[in-house]
Structures are given as structure tokens and as C-alpha cells.
There are 2 protein chains.
Amino acid sequence: MRCVTEKSEDKIKEAARRVFLKKGFDGTTSRDIAREADMNIALTNYYFRSKEKLFLEIFKDVLDEYIKDMLEILNRPIGLKEKISEMIENDFRMMKTEPDLIIFIMNEVHKEPDRLFSDNSICRLLESSLFVKQLDEGIANGTVRPIRMENILPLMKGCIEFIYVGKHIHKNLFNLNDDEFEKYAQEQKEHVKAMVCNYLMLKD
Amino acid sequence: MRCVTEKSEDKIKEAARRVFLKKGFDGTTSRDIAREADMNIALTNYYFRSKEKLFLEIFKDVLDEYIKDMLEILNRPIGLKEKISEMIENDFRMMKTEPDLIIFIMNEVHKEPDRLFSDNSICRLLESSLFVKQLDEGIANGTVRPIRMENILPLMKGCIEFIYVGKHIHKNLFNLNDDEFEKYAQEQKEHVKAMVCNYLMLKD
DNA sequence: GACCATTTTAAATGGTTGTTTAAATTATTC
DNA sequence: GAATAATTTAAACAACCATTTAAAATGGTC
């Protein structure tokens with residue numbers, strides 16, 4: 001049975017995740033991780049063999065986390081409009097609880113594209129989702145604008161994740177403090193919801 | 001006209017820009033830059049005093065480049081709808097010619113927010129742009145949805161820059177090769193144009 | 001061609017990197 | 001409680017880092 005004190009391996013992994021997300025792979029040293037985990041430097045390699053191996057484990061987790069919620073919502077048995085609203089709300093929630101997640105993924109993949117598994121399992125999960133079925137049905141009966149899932153998803157996620165990925169830039173560009181930025185992000189959320197629904201749904 | 005043999009200082013700066021944009025500040029070594037510029041390592045410090053100073057010079061240039069075109073279009077004497085179209089086309093052009101630019105800025109600012117000059121000169125330039133005047137006029141006479149410049153700009157730029165910032169992710173997620181991605185990006189461009197205009201312009 | 005400032009070079013600086021070692025400590029098994 | 005295995009430690013490793021040095025090469029001026 002697990003006791004109150006965490007296993008060293010987990011402590012290191014969690015500490016490493018925190019540091020990697022903040023500083024990226026290149027900006028993080030083994031000593032940073034050891035210090036954050038309050039453990040001896042050698043333990044990183046004792047448990048994970050190398051900084052790279054530890055990183056890849058964490059990167060895989062982070063990527064799964066990013067996609068898991070999205071897939072769950074795409075398959076939820078609710079209407080299209082509500083689904084879009086949920087997707088956007090979920091994105092906002094994620095950006096607030098894990099503000100470093102997106103820029104971390106984007107940047108690491110940008111520097112080393114091969115870190116993305118080359119299998120297309122997620123691709124197939126997306127294509128076979130309930131969301132795609134709903135989209136195709138709506139298009140067939142004329143209630144939905146002809147558009148593919150590949151195009152509509154970034155229209156939702158892009159607008160939201162973009163302002164958080166470039167949070168400091170937008171704070172500076174629009175002269176906002178932290179509170180004002182959050183209010184601004186809320187406004188933006190409602191605009192995105194309205195705009196995407198407005199564009200997707202055809203009324204006749 | 002340009003001399004045949006470039007000045008060493010410029011050669012180093014251009015080489016450094018290329019490497020920094022690809023690998024980021026942390027991922028770039030002085031030796032990387034020297035190798036790319038085909039020059040001795042000591043010259044980087046001879047001309048720029050330090051890697052940090054060289055980086056800051058380049059970063060300032062890159063940031064200006066990102067904002068200059070946008071401001072010019074915002075002040076161009078053309079109609080709102082055409083202006084939005086031009087903004088989006090310009091964004092696409094930039095993402096194609098300098099695909100690493102946005103993720104580079106985003107990531108460096110994310111890691112070191114103070115690298116952004118704290119003055120709000122750009123902020124004031126945005127607020128006093130012709131675009132804002134046109135927006136306010138349209139809102140006043142009921143042809144444009146009540147929305148602020150801060151909200152509408154990321155609705156345009158976010159959708160487009162997002163798919164390029166996460167190009168490899170989207171290529172993998174949607175199972176696209178390079179050609180297919182460019183076709184996909186073109187589709188996306190048209191969707192964004194239509195969606196934003198559709199949302200912004202009120203017809204009655 | 002001697003003089004001087006500028007530019008370029010190879011080599012070295014001290015510090016940090018990821019990783020390893022071998023000894024010390026703790027936990028587990030009988 | 002001795003023997004064995006698992007964990008943790010301090011120290012060291014070679015490789016690489018940004019930067020500096022001092023000498024060499026270059027170019028222009030008189």
C-alpha cells in the first residue's frame with residue numbers, strides 16, 4: 001500500500017513536468033528538475049535513464065491530456081451547437097488551469113517534429129467521432145454549412161488558444177493587466193461561440 | 001546596390017536570425033551561429049558583445065516585422081471588408097515566407113515576458129488607427145456589430161496563425177502531407193474571411 | 001614600406017551540462 | 001539479525017557552453 005510520502009519516481013516526474021512546461025526541454029537542466037523535486041541529481045537518471053527519456057514520457061502524457069478531453073466532448077451525445085459551446089468552454093478551462101500546456105506542445109513539436117508519434121490513431125478517432133457524423137447529417141439536410149471537421153475545429157480552438165499562447169503579447173499590445181486580460185478573454189470566448197455558431201448553422 | 005561580399009557583422013546577424021528562429025534562444029549555441037555564418041566563434045562576441053545582446057537585437061527586428069505590416073494595412077484607405085481580407089491574406093503570406101516567426105515570438109515572450117518592451121507605443125498606434133475609426137463609424141450607423149478592435153483582431157489572426165504555429169500537429173492530427181496542408185490552409189483562409197466578415201457585418 | 005587601426009584567428013578560460021561511479025544508506029527477505 | 005536487494009548520496013566524469021585572450025592577418029594612410 002502507498003504511504004503518505006510519494007514515491008521518488010513520481011515526485012521527479014511531476015517536478016520535471018512543471019519545469020519542462022515552464023522552460024521547455026532546452027531551457028531545463030537536470031539540476032533544475034532535481035532542485036524542483038528536492039532530490040539528488042543522480043536519481044533522474046536512476047529512474048528514467050536520461051533527461052530525454054524522462055521528457056518523452058512527460059510529453060506523451062501532456063499530448064494525451066490535450067487530446068483526451070477534446071475527443072470526449074466530440075463524442076458526447078449532445079447537439080451540434082451545444083457541442084461547440086462545450087468545446088470552447090473546455091478550451092478556456094484548460095488554458096486557465098494549464099496555461100503553459102499549448103505553447104509547450106507547439107514549441108517542442110516545432111523544434112522536433114518527429115517527437116509526434118507518426119501513427120494516425122488520433123486522426124482515425126477524430127474522423128470516426130460523433131461530431132463528424134453530426135456535421136455530415138447537418139450538411140446533408142441543409143442546416144449546416146458544408147465544411148469539414150478539419151476546418152471547423154481550428155476555427156474554434158485557434159481563436160481561443162491563440163490569445164493565451166500569446167498572452168503576454170496581447171497584454172502588452174492591448175495594454176491590459178491580469179484582471180483585464182481575464183475579462184477580455186471572457187469577452188473573446190463569447191465572441192468565438194457566437195461567431196462560429198453563426199457561421200456553421202444555416203437558418204432558412 | 002549591395003556589395004558582393006557582405007560585411008561580417010551582417011553575415012553573423014542574418015545567420016543568427018536563421019538559427020534563433022529555428023531553435024530558439026536556449027536551443028542555439030554560439031557555435032551554431034558561427035557555423036551557420038561560416039565565421040570564427042569569437043566574432044559573435046567581437047561584434048555583438050554577447051549572445052544575449054545579439055539575440056535582443058534580432059528579437060526587436062522580428063517583433064517590428066510582425067507588427068509593421070499589420071499596422072500599415074490597418075491604416076490603409078480601403079473599406080472594412082476589404083481591409084479584413086487584406087489582413088488575412090497578409091497573415092497567410094507571412095506564415096508562408098516566415099513560418100517560424102510566430103512560434104518564435106510566442107515562445108520567447110512566454111519564457112521571458114520582460115523581453116517585450118513595456119512601453120505601450122504599439123498599443124497607442126493600434127488605438128489611433130484608421131481601422132478603429134472605421135469600426136466605430138460602422139457600429140454607430142448600425143452596419144457593424146458592436147465589437148472592439150482588441151476582440152476582432154485575434155479572431156482574424158488567431159485562426160490563421162494557429163494552424164501554422166501548430167503546423168506539424170495539424171499535419172499529424174488530420175493526416176496531411178505538405179501539399180495537402182497548403183491546400184488545407186487555403187481552404188481555411190477562405191473560411192476565416194467569410195466567417196469574420198459574416199460575423200462583423202450586420203445586414204438589415 | 002613603415003605605421004596604425006581593424007578584423008580574424010587559434011587557443012584557453014572558468015563554469016555548466018548530462019551522465020556515471022562507487023560508496024553509503026535504507027528496505028526487504030529469510 | 002544477517003544477507004540481499006533497492007534506493008540515495010557525494011563526487012567525479014568528459015563534453016560542451018559562452019566568453020576572453022593575445023597573437024596573427026588584413027587593409028588603409030602617409
Side-chain angles (χ1 to χ4, degrees), chain A residues 1-62 104 107-109 111-112 114-115, chain B residues 1-62 104 107-109 111-112 114-115:
Chain A
M1 190 154 68
R2 282 291 134 253
C3 41
V4 260
T5 56
E6 215 172 353
K7 273 175 79 181
S8 296
E9 189 173 335
D10 295 335
K11 257 177 84 175
I12 292 170
K13 200 168 172 182
E14 285 165 23
R17 191 195 142 111
R18 261 173 276 137
V19 184
F20 276 141
L21 276 176
K22 206 194 295 177
K23 303 192 186 189
F25 181 79
D26 291 329
T28 300
T29 69
S30 299
R31 283 161 183 80
D32 286 337
I33 297 171
R35 203 180 307 117
E36 175 80 17
D38 198 26
M39 313 218 86
N40 190 282
I41 315 173
L43 288 179
T44 299
N45 283 49
Y46 175 72
Y47 283 112
F48 298 96
R49 295 190 52 200
S50 75
K51 180 190 164 190
E52 175 92 16
K53 293 248 171 60
L54 171 56
F55 173 83
L56 287 175
E57 268 196 40
I58 291 168
F59 186 73
K60 195 181 172 317
D61 291 347
V62 168
F104 169 76
N107 194 51
E108 296 300 336
V109 172
K111 279 187 308 185
E112 209 79 60
D114 297 334
R115 270 174 182 159
Chain B
M1 266 292 139
R2 186 60 74 90
C3 276
V4 226
T5 54
E6 218 171 352
K7 276 179 78 179
S8 295
E9 189 174 335
D10 296 335
K11 257 177 84 175
I12 292 168
K13 200 168 171 181
E14 285 165 24
R17 190 194 144 110
R18 260 173 276 136
V19 184
F20 276 140
L21 277 175
K22 207 195 295 178
K23 302 193 187 186
F25 181 79
D26 291 331
T28 300
T29 71
S30 298
R31 283 161 182 79
D32 286 337
I33 298 171
R35 202 179 308 118
E36 176 79 18
D38 198 26
M39 313 219 84
N40 189 282
I41 314 172
L43 289 179
T44 299
N45 284 49
Y46 175 74
Y47 284 112
F48 298 95
R49 295 189 52 200
S50 75
K51 178 189 164 189
E52 175 92 15
K53 293 249 172 57
L54 171 56
F55 173 83
L56 287 176
E57 269 197 41
I58 290 168
F59 186 71
K60 194 181 173 319
D61 292 347
V62 167
F104 168 76
N107 194 51
E108 296 299 336
V109 172
K111 277 188 308 186
E112 209 78 61
D114 297 334
R115 271 173 183 160

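The sequence lines fix the lettering, A, B, ..., with proteins before strands; numbering per chain opens at 1. Reckoned from all heavy atoms, side chains included, excluding hydrogens, waters and symmetry mates.
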Donor-acceptor pairs under 3.5 Å, side chain of residues 47-60 of chain A to any protein atom, not counting sequence neighbours: which ones?
| from | atom 1 | to | atom 2 | distance (Å) |
| --- | --- | --- | --- | --- |
| A:Ser50 | OG | A:Glu52 | N | 3.4 |
| A:Ser50 | OG | A:Lys53 | N | 3.0 |
| A:Lys51 | NZ | A:Phe25 | O | 3.1 |
| A:Lys51 | NZ | A:Thr28 | O | 2.7 |
| A:Glu57 | OE1 | A:Lys13 | NZ | 3.0 |

Positional range of nucleotides in DNA chain C within the contact set of chain B, heavy-atom, under 4.0 Å: C:dT6 to C:dA10
Any residue meeting side chain to side chain donor-acceptor pair (under 3.5 Å) with B:Arg17, in chain and number order, not counting sequence neighbours: B:Glu65, B:Glu98
Residues from residues 30-37 of chain B lying under 4.0 Å of DNA chain D - heavy atoms: B:Ser30, B:Arg31
Strand-adjacent residues in residues 13-21 of chain A, judged by heavy atoms under 4.0 Å from DNA chain D: none
Shortest non-hydrogen contact between A:Met39 and A:Ser8, atoms and distance: CE-OG, 3.5 Å
Residues touching DNA chain D, which here means a heavy atom under 4.0 Å, drawn from residues 39-49 of chain A: A:Asn40, A:Ala42, A:Leu43, A:Tyr46, A:Tyr47
Qualifying side-chain hydrogen bond (donor to acceptor under 3.5 Å, both in side chains) pairs, either residue in residues 35-46 of chain A, two or more places apart: A:Arg18-A:Glu36, A:Asp32-A:Arg35
A:Ser8 side chain near D:dT7 phosphate (N/O to OP1/OP2, under 4.0 Å): no
With sequence neighbours excluded, residues passing side-chain contact (heavy atoms from CB on, under 4.5 Å) with A:Ala34: A:Ile41
Rounded interatomic separation in angstrom, taking CG from B:Asp26 and P from D:dC16: 19 Å
For atom NZ of A:Lys11 and atom C1' of D:dT8, their distance in whole Å: 12 Å
Axis deviation across the helix from C:dG1-D:dC30 to C:dT17-D:dA14, five-pair ends, to the nearest 10°: 30°
Atom pair NZ/CD1 of B:Lys7 and B:Ile12 - distance to nearest 0.5 Å: 11.5 Å
Contacts of B:Asp26 that satisfy salt bridge (Lys or Arg N to Asp or Glu O under 4.0 Å) - sequence neighbours left out: B:Lys111
